[in-house]
Asker: 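This structure is in structure tokens; I'll ask about it shortly.
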Amino acid sequence: MGTLTYGAEGASIRFDDRVLAHLQIVVVGKLRRGENFALTVVDGDGDARNVLWMNQSIPLRFAFDNSVAPLIDRQWLESLALHSNSANGLEVVADRMPAELTASV
């Protein structure tokens with residue numbers, strides 16, 4: 001499980017390393033192009049959700065537990081990137097496996 005740390009207060013959200021690697025690619029790509037967007041993270045039970053406004057000026061850190069980079073699924077990555085351009089932004093359910101995430105995006 002890796003960690004996405006966001007903001008000056010250092011709010012942390014845990015993700016499977018593979019999920020976090022895909023998020024990193026999408027988020028960094030959008031921020032590099034100067035595109036701000038909402039990132040919604042729903043907990044495993046669906047009881048709580050956090051919406052983060054992703055902006056270049058807000059500190060952001062991706063920390064992976066495994067030193068070996070996971071394999072990247074190009075189709076899933078494209079689906080996440082497309083979803084990040086929607087009015088609702090990018091939504092991630094923290095405990096879903098990649099195949100399930102792809103189906104919901």
Asker: Can you see whether K30 engages N85 through a side-chain donor-acceptor pair at a distance of less than 3.5 angstrom?
Answerer: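 Side chains of K30 and N85: pair found under 3.5 Å.
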Asker: Between L23 and L90, which heavy-atom pair has the shortest distance, and what is it?
Answerer: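 Closest approach of L23 to L90, heavy atoms only: CD2-CD2, 3.7 Å.
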Asker: Any side-chain heavy-atom pair from L4 and L20 closer than 4.5 angstrom?
Answerer: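 Yes, their side chains come closer than 4.5 Å.
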Asker: Could you walk me through whether R14 and T3 pass the side-chain hydrogen bond (donor to acceptor under 3.5 Å, both in side chains) test, one step at a time?
Answerer: CA-CA 5 Å; R14 304 276 297 161; T3 306; 2.8 Å; yes
Asker: Using only heavy-atom distances, determine whether the side chains of N88 and S86 contain a donor-acceptor pair under 3.5 Å.
Answerer: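 Side-chain D/A pair, N88 to S86: absent.
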Asker: Apply side chain to side chain contact (heavy atoms under 4.5 Å, CB included) to the pair V41 and F15, showing each step before the final yes or no.
Answerer: CA-CA 10 Å; V41 180; F15 291 99; 3.9 Å; yes
Asker: Is there side-chain contact between V92 and T40, with heavy atoms separated by less than 4.5 Å?
Answerer: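 They are not in side-chain contact.
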Asker: Name the one of L77, L31, L39 that satisfies side-chain contact (heavy atoms from CB on, under 4.5 Å) with V26?
Answerer: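 Of all the options given, the one that passes is L77.
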Asker: Do D73 and R18 come within less than 4.5 Å of each other through their side chains, counting heavy atoms only?
Answerer: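 Heavy-atom side-chain distance check passes, below 4.5 Å.
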Asker: Just how far is it from atom OG of S79 to atom NE2 of H22, taken to the nearest 0.5 Å?
Answerer: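 If we round to the nearest 0.5 Å, S79:OG and H22:NE2 are 10.5 Å apart.
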Asker: In terms of heavy-atom contacts, does CZ of R33 have more than 12 from other residues, nucleotides or ligands at under 6.0 Å?
Answerer: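 Atom CZ in R33 is crowded, with more than 12 foreign heavy atoms closer than 6.0 Å.
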Asker: Rounded to the nearest 0.5 Å, what's the gap from CD on E35 to CE on M54? Could you check?
Answerer: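 Rounded to the nearest 0.5 Å, the CD-CE separation comes to 12.5 Å.
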Asker: Search all heavy atoms of P70 against all heavy atoms of A21 and return the closest pair with its distance.
Answerer: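 Scanning both residues, the minimum pair turns out to be CG-CB, 3.5 Å.
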Asker: Does I13 share a hydrophobic cluster with V51, counting links as ILVMFWY side-chain heavy atoms below 4.5 Å and allowing steps through other members?
Answerer: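 Unlinked, I13 and V51 end up in two clusters.
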Asker: Report the residue from D17, T5, V28 that forms a side-chain contact (heavy atoms from CB on, under 4.5 Å) with F62.
Answerer: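 It is V28; the other options fail the test.
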